[in-house]
There are 2 protein chains.
Amino acid sequence: MRPRSVTLLDVARAAGVSRATVARVINGDGYVGEETRSRVEAAVQATGYRPNVVARGLRTQRSYTIGHIVLEIGANPFFTHVVRAVEGEALANGYKTFLFNHKGNTADERLAVESFIERRVDAVIFTYAQDAANIALLRAAAMPVVQIERQRTGDTSAVLVDNPAGVRMAMRHLIGLGHRRIAFIGGDPALYPHARIQPRSIEEERLDTYRDCLREAGIDPDPDLVRLGRYIKLGADGSDSEGYRHTRDLLALAERPTALFVGTDMLATGALQALYEARLRVPDDIALVGFDDTLAPHLAPKLTSVAQPMAELGLTAFQLALAAIEDPRSAPRVVTLAPHLVVRQSTAPPSGSTRPADPPAREGEIASRQTV
Amino acid sequence: MRPRSVTLLDVARAAGVSRATVARVINGDGYVGEETRSRVEAAVQATGYRPNVVARGLRTQRSYTIGHIVLEIGANPFFTHVVRAVEGEALANGYKTFLFNHKGNTADERLAVESFIERRVDAVIFTYAQDAANIALLRAAAMPVVQIERQRTGDTSAVLVDNPAGVRMAMRHLIGLGHRRIAFIGGDPALYPHARIQPRSIEEERLDTYRDCLREAGIDPDPDLVRLGRYIKLGADGSDSEGYRHTRDLLALAERPTALFVGTDMLATGALQALYEARLRVPDDIALVGFDDTLAPHLAPKLTSVAQPMAELGLTAFQLALAAIEDPRSAPRVVTLAPHLVVRQSTAPPSGSTRPADPPAREGEIASRQTV
DNA sequence: TTGTATGCGTTATCAG
DNA sequence: CTGATAACGCATACAA
């Protein structure tokens, strides 16, 4: 921008009016004579004027920009979809989004927060917040904050997912198909410490629900079938070793499971690799259900998966942010969204099973959506 | 930011000095007395001052922000990686990045360009530019532009990929393993019209190289084995139908191919689904090579793939942008990067083949990198 | 209906 | 070494 760009003054001169008048026609408010308006509009065209949003932001104290702090967009397509959704809704409302990946690193998250304060974004969205202190920093700067999926502190708006509902749908689907030895590969509650806001972490909720569903069906949970670990990998590239390893171990069991329920589609990729290696077919030899519904349609076979409401997550988060921007004193709101099960090719009755059980789950969605 | 944030003036008052002095210690330039400096620093701490980058940008005519216009980040992990790389290098240089997905839509791309002009970004990077007119708009606003991977116009810097080299590595690998019936699934040159800047489009380059390699090996290219179409899908979610369909057709051939070379890892997912359905094993029954090296390590079996230099692409693009920002009159530069082949589990000699051919390609990288 | 004047928070120029 | 002071481009209260 070396060659000083066109300003209001240039347009004003070209149209033979004052800057104020030009500003009025640009922003479409205030009284402007019909003839002057068209003269100004012509001048805008002629000069190729573009409002300077930076200057406007300085004057109005609104940057029409929000910050989105993400764990690591490259770690899981889940983040890509959420980011995209936030961005889309922001755009529809005249906002742009700044992204920052903290990589699970508190120091980086703090950098993100400081950078956003310096740029005077109008609000900050976290997917996921790492450190409560960083949220406090934002609150001290009076910036609205929205937390997505994981709630670190209770003083901001949040959009959560009903995880137990997701697990229940998957488990009932498998149990309905006749499975009784269902393995669970997921996140270790001990590795994902949570704030005191919620009684249970997401990992605990999922694990508990898995066990509850088994018991409801009269099945005694077998500890051998539960494999926990880190299920959000940050190594960026490279394959999933966690799902691979656990699956291999499960296959080595004396009495192997007939179905696998894994905590993310990423884990499912590792599971599929182990199964491929063992020359087992899905769902013929073993059924597989994923979580997130990200990679699910791209895998062979196409995966049955619990779909996270990623689009709604992002959209709702932006809406909550916008509400807080427009009324800074409004009370924080927490919205919980429901996941739904997408049945594809990776689930079927256990081999040797005679009864068809459930309606032969056709490809498609079993929706279940609600807002609390 | 309702409660007016702390400004230079607040700090100045707290320290009993002028704003100019505070500015000097903040920016670390100009002479400042030792004692004043520490007094100011204390005041900065006490007040929790954060420089207002918006105001600074207005004054310095530098926003320390760049715009990145992407085809569609959700369409292919390739974009995610490039975006991430641009962003990382930007961050390391004190820049933030605005993202915009044009979805192959010229009108949206124009919106992106206008939005970036209004926000006075310091430069714009395209992955990929859709319409030359939009680049012209930017140039008229005197904004540096860098094009990644596809060069739409010749008047800006660009970072390209040596596609023929990538295809050659893959083909020599397969031919070396003993394959002679190698199918090619890729982009149809007719569907991806290119500007006149390059003699051939990327699609033409790839196809030509495929044929050249066959001929070099004394193999007469079989038109039946070439399947072209749209290989960048924008439907966002949902599976890849292109790779699936083509693969199914190829398998129905009287004399089926012993190896498949597909233009993107996304296409490979469809191919693997078709193969899974046909109960064919990879690489036992048929070999498979992907392109991009994005999903490759996540598939079963892990895919041999031509790796795009995504990190370097992004990094170099930002460097070229920065160079143009710092010296607006510098001549545009074009950098070409080389891909490399990553050999994994999906390639082996054709079934029935006796000669071990090549050194039994161990897992790992066959690097080949260069900058022209 | 239109113009004038002021300030948003910085940086930069020029005195002192 | 430090302090006034004038922009940067825009929006807006107030005059005319």
Side-chain angles (χ1 to χ4, degrees), chain A residues 1-41 43-44 47-65 94 117-122 141, chain B residues 1-41 43-44 47-65 94 117-122 141:
Chain A
M1 287 160 314
R2 237 344 74 73
R4 219 188 93 280
S5 53
V6 182
T7 77
L8 273 184
L9 186 58
D10 298 314
V11 181
R13 278 206 258 262
V17 297
S18 75
R19 291 182 303 173
T21 302
V22 179
R24 277 189 276 263
V25 351
I26 298 285
N27 299 316
D29 68 20
Y31 301 91
V32 180
E34 202 40 67
E35 195 243 0
T36 357
R37 156 166 286 115
S38 52
R39 212 165 64 243
V40 170
E41 277 163 355
V44 167
T47 53
Y49 172 76
R50 299 262 164 231
N52 181 332
V53 175
V54 176
R56 179 182 290 168
L58 182 60
R59 175 63 228 241
T60 59
Q61 304 287 50
R62 283 283 233 51
S63 61
Y64 283 95
T65 303
I117 293 180
E118 292 186 349
R119 300 219 173 223
R120 299 298 191 271
V121 300
D122 295 335
Chain B
M1 289 162 312
R2 236 347 74 73
R4 222 188 92 278
S5 53
V6 182
T7 78
L8 272 185
L9 186 58
D10 299 315
V11 181
R13 278 207 257 264
V17 296
S18 75
R19 290 180 305 173
T21 303
V22 179
R24 276 189 276 262
V25 350
I26 298 285
N27 299 316
D29 67 20
Y31 302 91
V32 180
E34 202 41 64
E35 195 243 359
T36 353
R37 156 166 285 115
S38 52
R39 213 165 65 241
V40 169
E41 276 163 355
V44 167
T47 55
Y49 172 76
R50 299 263 161 231
N52 182 333
V53 176
V54 176
R56 177 182 293 167
L58 180 60
R59 177 63 231 236
T60 59
Q61 303 289 46
R62 284 280 225 83
S63 62
Y64 283 95
T65 304
I117 293 180
E118 293 188 349
R119 299 215 173 226
R120 299 297 191 272
V121 300
D122 295 336

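Throughout, protein chains are lettered first and strands after them, A, B, ... in sequence-line order, and every chain is numbered starting at 1.
Partners of A:R56 under the side chain to side chain contact (heavy atoms under 4.5 Å, CB included) rule, at least two apart in sequence or in another chain, are A:I26, A:N27, A:P51, A:T60. Contacts of B:E35 classified as side chain to side chain donor-acceptor pair (under 3.5 Å), with partners at least two apart in sequence or in another chain: B:R39. Scored by the side chain to side chain contact (heavy atoms under 4.5 Å, CB included) test, A:R50 finds B:R110, B:E114, B:I117, B:E118, B:R120 as partners (sequence neighbours excluded). Annotation: side chain to side chain donor-acceptor pair (under 3.5 Å) contacts of B:R19 (sequence neighbours excluded): none. Not counting sequence neighbours, the partners of B:S18 by the side chain to side chain donor-acceptor pair (under 3.5 Å) test are B:T21. Listed by chain and residue number, A:R4, A:L9, A:D10 satisfy the side chain to side chain contact (heavy atoms under 4.5 Å, CB included) test with A:T7 (two or more places apart in sequence, or in another chain). With sequence neighbours excluded, no residue forms a side chain to side chain contact (heavy atoms under 4.5 Å, CB included) with B:R59.
Note on the helix from C:dT1-D:dA16 to C:dG16-D:dC1: terminal axis deviation equals 40°, with five pairs used at each end and the result rounded to 10°.
The two residues A:V11 and A:V44 make their nearest non-hydrogen contact at CG1-CG2, 3.8 Å. Across B:T47 and B:A14, no two heavy atoms sit closer than the pair CG2-CB, 4.2 Å. Of all heavy-atom pairs between A:V53 and A:S63, the closest is CG1-O, 4.5 Å.
A heavy atom closer than 4.0 Å to some atom of DNA chain C occurs in no member of residues 48-57 of chain A. Within residues 8-15 of chain B, no residue approaches DNA chain D, by heavy-atom distance under 4.0 Å.
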Report summary line: Scoring nucleotides 2-7 of chain D by protein non-hydrogen atoms under 4.0 Å (B base, S sugar-phosphate only, - none) yields BBBBBB
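A donor-acceptor pair is defined here as one N or O able to donate and one able to accept, closer than 3.5 Å; such a pair exists between the side chain of A:D122 and the backbone of A:Y64.
By the 4.5 Å heavy-atom criterion applied to side chains, A:L8 and A:Y49 are counted as neighbours. Using a 4.5 Å heavy-atom threshold, the side chains of A:T36 and A:V17 count as touching. Looking at heavy atoms from C-beta onward, B:R119 lies out of side-chain contact with A:N52 at the 4.5 angstrom threshold.
The interatomic distance linking B:L58 (CG) with D:dA11 (P) rounds to 12 Å, in whole Å. The interatomic distance linking B:R62 (CZ) with D:dG9 (P) rounds to 16 Å, in whole Å.
Mapping heavy-atom proximity under 4.0 Å, the span of DNA chain C touched by chain A runs 5' to 3' from C:dT1 to C:dG9.
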